[in-house]
Each structure stands twice: as structure tokens, then as C-alpha cells.
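Input: a single structure, listed below in C-alpha cells.
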Amino acid sequence: MSYPFETVEPKWQRYWEARRTFRTPGPGDPDFDPNKPKYYVLDMFPYPSGAGLHVGHPEGYTATDILARYKRMRGYNVLHPMGWDAFGLPAEQHALKTNTHPRITTEANIATFRRQLKALGFSYDWDREINTTDPAYYRWTQWIFLKLYERGLAYQAEVPVWWCEALGTTLANEEVIDGKSEVGGYPVERRPLRQWMLKITAYAERLLEGLDELDWPESTKEMQRNWIGRSEGADVLFDVAGFPDEQIRVFTTRPDTLFGATYLVLAPEHPLVDTITTDEHRPAVERYRRATAAKSDLERTELQKEKTGVFTGAYAINPVNGEAVPIWVADYVLASYGTGAIMAVPAHDERDYAFARAFNLPIREVVSGGDVSKEAYTGDGILINSSSEDREIPGIAERGFSINGLSVAEAKRKVIAWLEAHGRGEGKVNYKLRDWLFSRQRYWGEPFPIIYVDGQPKPLPEDVLPVTLPDLAEFKPSGTPEGPLANATDWLHTTDPETGKPARRETNTMPQWAGSCWYYLRFIDPHNDERLVDPDKERYWMPVDLYIGGAEHAVLHLLYARFWHKVLYDAGVVATPEPFTRLVHQGLILGEMEYTAYYDGDGHPVSAAFVKEGVHTETGEPVTARKVAEDEVEKRGDGFVLKSHPQVLVDARSHKMSKSRGNVVNPDEVVARYGADALRLYEMFMGPLEQVKPWSMKGVEGVSRFLNRVWRLVTDDTDGLAAAVTDAAPSKEQLRTLHQTIRKVTDDIEGLRFNTAIAAMMEFVNAAMKWEALPKAVVEPFVLLLSPFAPHLAEELWQRLGHAESLAYEPWPAVVEAYLEEEELALAVQVNGKLRATITVPADADKEAILARAKAEDNVRRFLDGKTLRREIYVPGKIVNFVVS
RNA sequence: GGGGGGAUGGCGGAAUUGGUAGACGCAGCGGACUUAAAAUCCGCUGGUUCGCAAGAACCGUGCGGGUUCGAGUCCCGCUCUCCCCA
């Protein structure tokens with residue numbers, strides 16, 4: 001008889017729900033116990049897509065659920081909530097196609113997700129469920145925006161967006177593919193639009209420093225550091241020949257190379273371009289600027305192999321030597337980075353070098369050590385060709401200066417000092433991090449708490465929040481760069497609550513990231529309509545002790561959330577400077593392993609070694625891929641080959657799950673076939689939590705067999721217990737096995753090594769199956785160990801073992817060291833580091849006895865006889881090694 | 001190009017500080033039960049060689065070196081691969 005999950009699992013889900021087993025009292029609740037330690041374990045809440053839950057979701061969710069259940073049993077107050085990040089583009093795109101209100105789509109999707117999550121038996125406190133699209137929630141998102149605005153951290157700027165004339169709407173980056181709209185393939189262009197920006201750059205330094213204390217994956221911290229992109233250098237001011245009122249400010253990380261600057265480059269959007277371009281060059285510059293407008297930043301900088309640019313006809317004056325250098329316009333310089341202008345030092349910068357070569361501009365070596373006739377030299381060295389001490393620099397200094405002979409670091413310091421002394425620049429720290437573009441021309445997002453009175457933006461007072469979304473009859477674009485909210489005439493035109501003047505509402509909405517920036521705070525106090533979060537509750541529960549979610553959020557979500565948290569910290573709303581103490585990313589789950597063979601046009605098999613991107617690497621002919629069954633291939637050397645054509649390699653790998661590939665595993669089907677406990681257990685048994693790993697339905701069967709064995713171990717065919725389960729006293733061996741398991745499972749849960757914890761429980765069951773009697777004193781602790789992993793099965797067994805209450809708050813089994821002691825010890829015996837025998841000795845045997853026993857072993861003596869014994873090594877409890885010659 | 005992972009049987013993986021490589025599971029093979037199948041239970045299962053057998057030897061953690069009594073683990077140099085950034 002096997003574990004009847006189809007009746008047991010719903011039974012316990014109903015039980016937990018009816019008894020509110022996982023309701024978590026907090027400060028202020030009558031049944032709250034402030035003497036218990038707290039543990040806040042958080043999942044990245046999902047976007048409820050129409051596709052329903054993916055097997056990737058329960059991976060992290062099971063891990064956190066195991067921790068939550070374990071910590072409860074260890075006597076912690078555990079906060080373990082779930083909610084919905086429900087604003088976003090897909091629901092709006094669906095609305096455009098079907099004219100269904102996004103709220104309806106969203107509610108239906110949430111209902112599916114909630115049903116699916118509940119069917120997996122997660123111990124969430126569902127009383128704390130939140131939804132970012134609920135006005136009672138986004139009221140506080142708007143409130144935080146007002147705090148940002150008050151603190152000067154929200155401002156408006158002209159920023160280019162993708163505008164599609166044919167669709168009459170702006171598009172998000174992901175809606176633009178190869179310079180065309182994803183929908184319809186219409187042309188798009190970059191067009192400046194007035195938008196809200198958040199000044200995250202003001203927090204760049206603190207966001208960088210804060211990383212050091214966090215228990216996060218080093219790779220994620222490094223990504224955030226790179227994203228912030230701190231660089232030290234200098235701002236340098238160049239005069240423009242013939243324009244005494246104009247100066248060009250450039251940022252450089254290499255002020256030491258200033259004498260090697262042979263031209264300047266302005267971004268095409270730079271405001272000075274119009275002013276300084278000569279009439280002769282104006283038509284070419286205008287043409288160039290129009291061409292640039294169609295390109296994304298990525299195309300301008302990364303994808304572009306050929307450097308492009310045009311000369312303006314104007315010259316700048318290098319402040320350190322008075323030289324006139326030509327000013328060019330080129331799109332490899334971005335208006336948004338630094339000052340939108342650079343000094344080009346082709347001898348010591350790769351991109352400048354490529355540009356100078358393409359346009360035949362001079363290359364002047366100023367740092368020795370490389371060969372600048374071949375390539376740019378970016379390494380350290382001694383400064384050369386860098387002196388103006390023999391002459392006057394008109395308008396700047398009577399005498400120039402020299403940095404010849406200095407190292408790069410010394411030269412940097414001296415140049416910065418000179419620039420500062422002569423008012424031509426200063427040392428500066430620059431960040432790659434840009435301010436956060438915080439508005440979208442969309443309907444399904446948080447409205448801004450902003451109105452325009454006499455054309456000027458004005459924040460609404462807190463007491464009129466939330467500004468709710470109007471109901472629209474249809475979700476068509478407005479036909480202008482404004483979003484669909486511009487169509488909601490009744491909503492759009494309002495009055496200023498302070499002055500009674502007519503006002504117009506902001507038609508932008510906030511981006512999807514907004515709601516997820518602070519949701520972990522709302523879980524602490526989800527129904528508070530006076531405050532975002534009660535300070536006592538916040539101080540008790542924060543920070544989040546463990547946060548598990550995908551690595552795809554390593555930068556944006558986690559950086560934005562940290563930014564808001566620091567702002568709220570400064571505003572006195574929260575008491576901790578960082579929100580997430582410990583962060584773990586679950587690894588991607590790939591589809592089942594697939595074998596793919598390739599065939600040419602004539603149907604002959606082609607070895608995978610000759611196939612790249614669907615094309616034969618030698619003939620250039622396209623090949624067709626065909627899936628082959630596992631029994632048609634075999635391992636040969638490093639790869640797999642077709643059994644029928646052993647010289648033909650096939651691709652053997654798992655692919656990311658995708659609809660188009662048809663390898664998506666639906667958790668509902670797994671639950672229907674094997675039960676929720678089996679799904680949970682399998683997802684944890686696959687391998688280390690953080691690792692990428694392929695799905696295997698056979699593996700699910702394996703863990704399901706294990707659960708069935710546990711079931712048969714404890715129960716009989718009726719609704720009672722197996723005959724072997726008794727009240728008898730356990731044997732020494734049984735206690736040792738149990739306590740070894742307790743120790744292993746406890747340590748492994750603490751270290752998030754769920755795969756090896758499960759292996760240990762499997763070993764326990766393998767041993768227990770052989771025992772004639774199974775004392776309750778042994779089986780009950782085991783059921784408790786299993787309960788965080790397979791809670792439904794464990795609750796059912798616990799009940800059958802005679803307990804009236806849920807095991808959710810039973811104390812976690814404790815290891816008794818005395819039970820772990822072995823009477824005998826197995827030792828490996830090596831001769832010259834090679835294993836020759838294993839011996840069994842009494843646990844209390846001394847070194848001499850052990851060495852004598854080891855030498856007595858036949859197979860050891862064979863290797864010692866006739867040799868000189870040089871050394872005897874004994875590592876207690878582990879190994880004996882005789883070194884002979 | 002830069003940064004960060006990773007590479008262990010047919011497959012997923014284990015080996016917590018340098019100490020018996022391959023735990024646990026899958027797949028495979030053999031057996032028991034069964035009219036039969038499924039389920040279940042028992043046994044074997046890295047490779048090669050020797051041996052009737054018990055057993056033994058050699059090789060083996062991507063490749064090449066090194067340190068050490070002893071290296072999957074530490075050091076140096078490579079190859080391949082995944083992720084992120086550019």
C-alpha cells in the first residue's frame with residue numbers, strides 16, 4: 001500500500017486552514033510571545049502570470065518553507081508570508097487584445113497561483129497576503145513616492161523613450177526587437193519625453209558601502225558594485241576656440257593622460273553641439289544626429305563594430321598645454337554617462353584608439369610601456385611627452401608644468417592639483433549608476449500622487465491617498481506619448497484640494513519595480529490603514545533573516561529595494577539600514593535531458609561537432625535537429641554518439657524550460673500524479689539549492705517511492721499503525737541511527753543542504769526497514785525530522801501515532817551525544833598513501849594497539865615485508881599510513 | 001574583453017577542516033513473489049586485468065605540472081562550459 005496523498009494532503013491543508021495553524025501573532029497581538037526569538041524568512045513574491053506556477057517557483061518556496069517549519073519547531077516566532085507583485089505589462093497587453101480589464105485578468109491569475117501554492121502545503125500566514133495592485137497597498141507606495149519627492153529624490157527630466165508612431169504608444173525596451181515594435185513590427189524611434197526620475201545616484205556611495213556587511217552571494221554583491229560602477233578621476237574644463245562664453249566639461253578616469261588628448265568627442269545629444277558646429281559641417285552633423293536617434297544605447301556602444309562620427313569644425317583648448325584639439329560628435333559617447341563629453345586619448349584607450357584609426361586622428365603616446373603603433377596601451381608606466389613647463393598657456397597660466405617621469409598614480413594627483421589650482425577642473429568620483437527612470441506610459445501601474453496646477457507639478461497631500469486608477473472602457477493607446485490615462489477625461493481633470501484651482505493629473509504610472517521595493521515591510525503589518533508599518537512591529541521583525549529568490553533580480557530589484565529602504569531609514573520609518581541580512585538565489589531548473597541528432601539535406605546524420613547555430617560549420621548548409629531517445633545513444637569518450645553511427649556525436653544536454661521547446665513541467669500534473677510532498681521532496685533532492693539542475697520525472701518517482709516506504713514503515717493497510725511499531729525501549733543501534741540522522745538533518749537544514757538531509761533520512765529508512773521492532777521513541781522523532789520536508793505525510797503519521805494536535809509546534813528532536821558513541825571503529829590502513837586494508841578496532845584502542853593490529857593484516861604485511869619502515873602516521877578515528885622505502 | 005561560478009560513474013549528485021572517492025537517488029543487470037504484469041522485496045552495479053573462488057593488482061574526480069606520508073579538496077599553468085557585465 002502506498003501513501004494515499006490524494007486524500008491525506010487535502011485533509012491537512014484543510015486542517016491548517018481551519019485551525020489557522022500558521023497565523024503569526026506579532027507585537028500588539030494578545031497571543032504574541034515577545035520572549036521567543038524571531039525569524040523572518042521571505043520569498044521573492046511572484047508576478048502572477050497567466051501561465052500559472054512554474055516548477056521553478058516551488059524550489060525557493062519549499063526551501064523557505066522547510067526553514068520556516070524548522071524554526072517554528074526550534075521555538076522561534078516565524079514570519080513567513082506570501083503576496084503578489086501584480087502590476088505589469090502582460091495583463092495590460094492582454095487587455096489591449098481582449099479588452100478585458102487588467103484587474104480581472106490579474107485576479108483570475110492570483111486565484112490560480114493561490115490555489116497552486118496552497119496545494120503544495122506551504123506554511124504561509126495567509127492572513128498577511130498582500131497584492132501590490134490593491135489600492136490599500138499602493139496607497140503606501142504613493143506615500144513613499146511623496147517622501148522621495150519631499151526629500152528632493154524625485155524629479156522630472158526629458159528622457160528618450162521608444163516611440164512607435166504606428167501603434168500610437170511608447171514602448172518598453174523589451175517591446176522593441178531589432179529596432180521594430182514587437183507587436184506588428186513597426187518602426188520605432190527614440191523621442192525625448194518628460195518623465196519622473198528617482199535620484200538613486202545620491203545613494204550610490206551608501207549602496208556600495210552597505211554591501212560589505214551583507215551575507216549575500218559574492219557574485220551578487222559584485223554585480224551590484226559593477227552596476228554602481230564607482231570610478232575616481234577628474235572633471236576637466238576645456239575652452240572652446242572662438243566661443244569665449246562656452247566651456248566643455250569632460251569626466252576622465254585618466255587625468256594623467258591629459259597631455260595625450262588629441263581630440264574631444266561630444267555625445268550627439270550634447271547641448272553645445274548646435275552652438276559650436278560651423279556652417280560648413282552643420283548638414284553632416286544634423287544628418288548624423290538624426291541617424292543616432294534610431295539607435296539604442298546598446299547598439300551605440302556594444303553592438304557597434306565600426307566607429308562612426310563627424311567633425312564639428314570647432315576646436316577646444318587643452319588647459320594643460322593650450323593646444324587646440326578638434327571637437328567631434330560620435331554616438332559611442334552617451335549623453336547620460338558622465339558629462340556627455342569625453343577627452344579622447346587614443347594612445348591609452350581602446351575605443352578612442354579605434355576611432356582615431358578610423359578617422360586618421362593623431363595618436364600621442366604619453367605613458368611608456370606599450371607599442372602605440374599597434375594598439376592602445378592601458379597599463380601602468382612612466383609618463384612621457386607630458387610637459388608644458390617651457391611655455392605660457394594663454395589665459396590660464398603664465399607657465400605650464402611637467403609630469404614627465406612620474407608614475408600614473410603620481411601623475412593623476414599632480415594633474416588634478418594643477419587643474420584645481422588654475423580653476424580648470426577638479427578631482428571627482430563618478431558613478432556608472434544612472435538615476436532611475438521611474439515612469440511608464442501605461443495604465444496598469446500605480447498612479448502618481450501628483451497633479452499639475454497651472455502647468456506646474458504639485459504633490460497631493462497624504463490624506464487624499466490613494467489616488468486610484470480610473471476604470472477605463474478600453475485600453476487603447478492615447479495616440480500621443482502620454483499613456484492611456486490621458487483618455488480618462490473625468491479622472492484626468494480634477495481640482496487642487498488645497499486651492500480649489502483646476503488641475504490635471506499625472507498620466508504616467510509607476511514601473512513594476514515600485515510595489516516590490518517595500519513589500520517585505522507591509523507583510524509585517526499588512527492591514528494598518530494609519531501607517532505603512534507600525535514602528536514596534538517593524539523593529540521586532542526586521543531585518544529579513546533569509547531572503548530566497550532568483551538571481552535574475554540580483555541587480556535591479558535588490559538594488560532598488562535597498563535604495564528605498566535607505567530612504568525610509570533616513571525618514572525614520574524603518575530602524576535598519578539594510579533590509580535583507582542573508583540572501584540566497586535558487587538555481588534554475590532546466591527541462592529533462594535531451595539528446596539531439598543533426599541531419600543534412602540528404603538525411604545523413606551530421607556530427608554535433610560540425611554544427612553551430614543550426615548550420616554545418618564546413619559546408620554552411622542548414623541542418624535539421626531531431627530528438628533521439630536515450631536508448632539510441634551511448635557514451636563514447638567525452639560525448640554521446642548514435643548507436644547506429646558511432647562516429648556521429650549528438651548534443652546531450654538539458655535546455656531551459658520554454659513553451660516553444662515543449663519541455664515545461666507543470667507542478668499541477670506532478671501533484672496530481674505523485675502528490676505535493678513528493679514534489680517538495682524532489683525539488684530539494686535534485687541537488688544543491690543554488691545550482692542549475694535538470695528536471696527528471698524518474699527522480700520524482702524515486703522520492704515518491706521513499707515516501708511510500710515511510711508510509712509502510714509506520715502504517716498498516718487499515719487506518720492504524722504497522723505491527724512493528726511498539727512502545728518497547730529502543731536498542732542501542734536504533735538510538736545511534738536515529739541520533740546520527742537527527743544530527744545530519746539538523747546541520748543540513750541550517751546550512752540549506754536539503755539534498756543531503758533527505759539522503760540521510762533515506763538511509764534511516766533503509767536501516768529501519770530491516771528492524772523487527774520499531775519503537776515509538778525512534779519513529780516519532782523521525783517523523784518530526786521529516787515534517788518540514790513532507791508535512792502532509794508527517795502530520796498524518798503523527799496523528800496515527802496517537803497525537804491530537806498538529807506537529808507544527810512540537811519541539812525539534814535534540815541530539816544526545818552519548819547515543820552516537822560507537823563501540824568499534826573502522827579505520828583505513830595505507831602503505832605509502834595507498835589503501836591496503838580496512839581494520840575494525842575497539843573505539844577505545846590506543847595508538848600502539850591500532851598500529852600493531854594494522855601491521856598484522858595480511859595485505860598490509862605484504863607491502864611492508866622487505867622494506868624499511870620510515871614513518872608511522874596515525875590520524876585518530878581516520879587513517880593509518882605506513883611510509884616505507 | 002572583464003568579473004563570477006562550474007567540470008566527479010550511463011544520469012542527478014555525495015565526500016563539512018587535506019585522510020577509505022562515488023553516500024543517497026535514478027537508470028541498468030540478476031533473483032524472489034505473481035498465471036502474468038505492475039507494485040514490493042533481496043542482491044550486483046566506475047574501468048581494466050589476473051583468479052575456479054575467496055580475493056588481488058593497476059588505472060580513475062576536465063588536461064599538464066607542483067606541494068604533501070597522503071590531493072576531488074591546496075598552489076601554478078591550460079582547456080571546455082554556464083551566468084552576469086561590457
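Each chain gets a letter, A, B and so on, in the order its sequence line appears, and its residues count up from 1.
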*asked:* Are there runs of at least three consecutive Watson-Crick or G-U pairs touching RNA chain B, with each pair's two distances under 3.5 angstrom? Give them by first number.
replied: B:1-7 with B:79-85, B:10-12 with B:24-26, B:28-32 with B:40-44, B:46-50 with B:55-59, B:62-66 with B:74-78
From [atom1] of [X] over to [atom2] of [N], roughly how many Å is that when rounded to an integer?
X	N	atom1	atom2	value
E594(A)	rC11(B)	CD	P	17 Å
Y674(A)	rG25(B)	OH	C1'	14 Å
F685(A)	rG12(B)	CZ	C1'	8 Å
R743(A)	rU16(B)	CZ	C1'	11 Å
E690(A)	rC83(B)	CD	C1'	13 Å
H553(A)	rC84(B)	NE2	P	13 Å
L689(A)	rG6(B)	CG	P	15 Å
L590(A)	rG6(B)	CG	P	17 Å

If you compare every side-chain N and O of [X] against the phosphate oxygens of [N] (OP1, OP2), does one of them come in below 4.0 Å?
X	N	result
R709(A)	rG25(B)	yes
N755(A)	rA23(B)	no
R705(A)	rA27(B)	yes
Q691(A)	rG5(B)	no

_Listed partners of W812(A) passing ring-ring contact (aromatic ring centres under 6.0 Å, His included), at least two apart_ =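 ring-ring contact (aromatic ring centres under 6.0 Å, His included) list for W812(A), sorted by chain: Y70(A).
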*asked:* Run the ring-ring contact (aromatic ring centres under 6.0 Å, His included) test against F789(A) and tell me which residues pass, sequence neighbours left out.
replied: none
Determine the contact category for [X]: base if any of its heavy atoms lies under 4.0 Å from a base atom, sugar-phosphate if only primed atoms, P, OP1 or OP2 are that close, otherwise nothing.
X	value
M761(A)	nothing
A551(A)	nothing
K221(A)	nothing
V692(A)	sugar-phosphate
T756(A)	sugar-phosphate
N766(A)	sugar-phosphate

Looking only at atom [atom1], what distance separates [N] and [M], rounded to whole Å?
N	M	atom1	value
rU79(B)	rA21(B)	C1'	24 Å
rC52(B)	rA56(B)	C1'	15 Å
rG6(B)	rG62(B)	C1'	11 Å
rG22(B)	rC59(B)	C1'	15 Å
rA27(B)	rC84(B)	P	33 Å
rC76(B)	rU81(B)	P	23 Å
rA53(B)	rU45(B)	P	15 Å
rG46(B)	rC29(B)	P	16 Å

*asked:* Using the rule side-chain contact (heavy atoms from CB on, under 4.5 Å), only one of L774(A), V710(A), L738(A), L721(A) pairs with V779(A); which is it?
replied: L774(A)
Nearest to the side chain of [X], which nucleotide is it out of [options]?
X	options	value
P688(A)	rC84(B), rA23(B), rG13(B)	rG13(B)
F640(A)	rG12(B), rC11(B), rG19(B)	rC11(B)
I879(A)	rU20(B), rG25(B), rG12(B)	rU20(B)
E701(A)	rU20(B), rA27(B), rG13(B)	rA27(B)
K693(A)	rG3(B), rG12(B), rG25(B)	rG12(B)

_Is it true that D435(A) and T201(A) share a donor-acceptor pair across their side chains at a distance under 3.5 Å?_
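A donor-acceptor contact under 3.5 Å links the two side chains.
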Can a salt bridge be assigned to the pair [X] and [Y] using a cut-off of 4.0 Å between side-chain N and carboxylate O?
X	Y	result
K693(A)	E59(A)	yes
E822(A)	R736(A)	yes
K744(A)	E763(A)	no

*Can we call the ring centroids of W216(A) and Y547(A) under 6.0 Å apart?*
no
*Please work out whether the ring planes of F580(A) and H557(A) are parallel, tilted or perpendicular, with thresholds of 30° and 60°.*
tilted
Would you say the side-chain atoms of [X] pair up with the backbone N or O of [Y], donor to acceptor, closer than 3.5 Å?
X	Y	result
Y595(A)	L642(A)	no
D352(A)	V345(A)	yes
R680(A)	P788(A)	yes

Show me the donor-acceptor pairs within less than 3.5 Å that the side chains of residues 222-229 of chain A make with the rest of the protein, sequence neighbours left out.
| residue | atom | partner | partner atom | Å |
| --- | --- | --- | --- | --- |
| E222(A) | OE1 | R225(A) | NH1 | 2.9 |
| Q224(A) | OE1 | R562(A) | NH1 | 2.8 |
| Q224(A) | NE2 | A554(A) | O | 2.9 |
| R225(A) | NH1 | E218(A) | OE2 | 3.4 |
| R225(A) | NH2 | D212(A) | OD1 | 3.3 |
| N226(A) | ND2 | E222(A) | O | 3.4 |

Review item, nucleotides 67-74 of chain B N/O atoms under 3.5 Å of protein N/O:
| residue | atom | partner | partner atom | Å |
| --- | --- | --- | --- | --- |
| rC69(B) | OP1 | R871(A) | NH1 | 3.3 |
| rC69(B) | O2' | N881(A) | ND2 | 3.4 |
| rC69(B) | O2 | N881(A) | ND2 | 2.5 |

*Most 5' of R712(A) and E218(A) on RNA chain B, judged by nearest nucleotide*: E218(A)
_Which is more 5' along RNA chain B, the nucleotide nearest E763(A) or the one nearest N708(A)? Just name the residue._
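Here E763(A) is the residue nearer the 5' end.
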*Where along nucleotides 51-65 of chain B does protein come under 4.0 Å, by heavy atom, of base (B) or sugar-phosphate alone (S), with - for untouched nucleotides?*
-----SSSS------
*Just how far is it from atom CZ of R861(A) to atom CZ of F882(A), taken to the nearest 0.5 Å?*
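Interatomic distance, R861(A) CZ to F882(A) CZ, rounded to 0.5 Å: 12.0 Å.
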*cation_pi(R351(A), Y332(A)) dist<6.0 Å, angle<=45*: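 Judged by the rule (NZ or CZ under 6.0 Å from the ring centre, within 45° of its axis), R351(A) is not positioned above Y332(A).
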_Checking understanding here: a glycosidic angle within 90° of 0 is syn, the rest anti, so what is rG9(B)?_
syn
